[in-house]
Amino acid sequence: MNPKTRNDRTRNDKTRSESLAECACFDLRRATRAVSRMYDDFLRDAGLNITQFALLRLICAKKELSISTLGRYMVMDRTSITRALAPLERDGLIHSRPGADKRIRIVSVTNKGRKLVEDAEPKWCQAQEALLETIGVDRWRAMSTVLRDTTRMVRQRAVTAI
């Protein structure tokens with residue numbers, strides 16, 4: 001085999017894991033799953049996962065939100081939000097009602113849901129402290145800024161692409 005063919009082959013024979021390792025989305029999703037799993041472990045005794053806790057906490061803060069507004073805050077599509085809210089409504093943690101326009105659904109947290117968020121808050125704080133202890137406060141501050149900027153830039157790009 002001549003040297004040129006060997007070099008071309010070496011460049012083209014990346015393993016699947018090497019190709020995935022070069023994917024920004026893959027790395028972001030992997031980090032998100034690892035962090036989410038850690039938070040889920042802390043929240044498990046409260047009967048919530050981190051997505052449910054975040055949804056309840058956000059709705060509590062805003063009193064009530066439309067599903068589409070909640071989706072924008074969480075950067076989730078309507079189907080994913082509806083699927084994530086279903087067990088919360090089933091368990092009596094949130095209430096939904098039609099909006100002024102019947103196509104709009106408004107969600108609010110019930111007293112039971114509010115109590116669950118209050119009870120889960122210390123467990124969330126433990127998870128937050130564990131993450132900061134694991135990665136360091138300075139790294140978190142830098143990551144937080146980069147992640148928020150990334151979310152804003154990608155969302156803006158998606159809007160201008162439409």
Side-chain angles (χ1 to χ4, degrees), residues 11-12 14-89 93-94 96 99-101 103-109 113-114 116-162:
R11 266 195 305 268
N12 294 328
K14 287 184 182 178
T15 67
R16 181 174 169 79
S17 62
E18 287 172 331
S19 293
L20 287 175
E22 293 175 357
C23 177
C25 187
F26 177 80
D27 286 342
L28 286 166
R29 290 179 64 102
R30 187 170 54 175
T32 299
R33 282 191 297 272
V35 172
S36 294
R37 187 171 295 131
M38 187 179 85
Y39 277 71
D40 287 349
D41 289 344
F42 278 92
L43 291 167
R44 186 169 289 112
D45 290 343
L48 293 171
N49 63 43
I50 188 59
T51 301
Q52 294 169 328
F53 180 77
L55 286 165
L56 287 170
R57 200 167 174 210
L58 180 57
I59 300 166
C60 278
K62 300 295 183 182
K63 307 298 185 225
E64 62 179 24
L65 287 169
S66 71
I67 289 177
S68 54
T69 300
L70 188 55
R72 280 193 300 278
Y73 276 119
M74 297 289 291
V75 192
M76 294 171 72
D77 61 54
R78 187 177 178 87
T79 303
S80 297
I81 284 287
T82 301
R83 194 171 38 249
L85 292 175
L88 301 178
E89 188 163 23
L93 303 173
I94 63 167
S96 69
D101 178 337
R103 296 172 295 177
I104 297 173
R105 299 283 309 155
I106 306 295
V107 292
S108 57
V109 177
R114 205 172 306 286
L116 185 59
V117 170
E118 288 172 15
D119 292 347
E121 188 89 22
K123 294 175 187 311
W124 175 85
C125 286
Q126 290 173 347
Q128 187 78 356
E129 288 171 12
L131 178 67
L132 296 179
E133 183 179 303
T134 301
I135 68 170
V137 174
D138 290 340
R139 177 173 279 149
W140 168 245
R141 284 190 185 124
M143 277 178 37
S144 177
T145 299
V146 169
L147 290 170
R148 288 183 179 133
D149 287 349
T150 300
T151 301
R152 181 185 45 75
M153 289 185 289
V154 171
R155 288 176 87 183
Q156 183 61 39
R157 184 178 191 283
V159 168
T160 58
I162 294 177

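Here the side chains of Met143 and Ile135 are in contact, with some heavy-atom distance below 4.5 Å. Residues Arg105 and Arg78 are in side-chain contact: their nearest non-hydrogen atoms beyond the backbone lie under 4.5 Å apart.
The structure places CG of Asn49 at 12.5 Å from CZ of Arg37, a figure rounded to the nearest 0.5 Å.
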Under 3.5 Å, which donor-acceptor pairs do the side chains of residues 55-71 form with other protein atoms, sequence neighbours left out?
residue, atom, partner, partner atom, Å
Arg57, NH2, Glu121, OE2, 3.1
Lys62, NZ, Tyr73, OH, 3.4
Glu64, OE1, Arg97, NH2, 3.2
Glu64, OE2, Arg97, NH2, 2.9
Ser66, OG, Ser68, OG, 3.3
Ser66, OG, Thr69, N, 3.0
Ser66, OG, Thr69, OG1, 2.8
Thr69, OG1, Arg72, NH2, 3.1

Could you go through residues 39-46 and list every donor-acceptor pair under 3.5 Å that involves a side-chain atom there, pairing it with any protein atom two or more places apart or in another chain?
residue, atom, partner, partner atom, Å
Tyr39, OH, Gln128, OE1, 2.3
Asp40, OD1, Ile50, N, 2.7
Asp41, OD1, Arg44, NH1, 3.0
Asp41, OD1, Arg44, NH2, 3.1

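Applying the salt bridge (charged side-chain N to carboxylate O under 4.0 Å, His left out) criterion to Arg152, with sequence neighbours excluded, gives Asp149. In this structure, Arg33 has no side chain to side chain donor-acceptor pair (under 3.5 Å) partners at least two apart in sequence or on a different chain. The side-chain contact (heavy atoms from CB on, under 4.5 Å) test applied to Pro87 returns Gln52, Arg90, not counting sequence neighbours.
In this structure, the side chain of Ser144 does not engage the main chain of Trp140 through any donor-acceptor pair within 3.5 Å.
Among pairs with a residue in residues 126-136, none fulfils salt bridge (Lys or Arg N to Asp or Glu O under 4.0 Å), at least two apart in sequence or across chains.
Within 6.0 Å of atom CZ in Arg29, 12 or fewer heavy atoms from other residues, nucleotides or ligands are found, so the atom counts as exposed in its surroundings.
Considering all non-hydrogen atoms of both residues, Pro122 and Asp119 come closest at CD-O, 3.3 Å. Across all non-hydrogen atoms, the minimal contact from Ile104 to Ile106 is CG2-CD1, 3.8 Å. A pairwise comparison of heavy atoms in Leu48 and Ala120 identifies CD1-CB, 4.1 Å as the closest pair.
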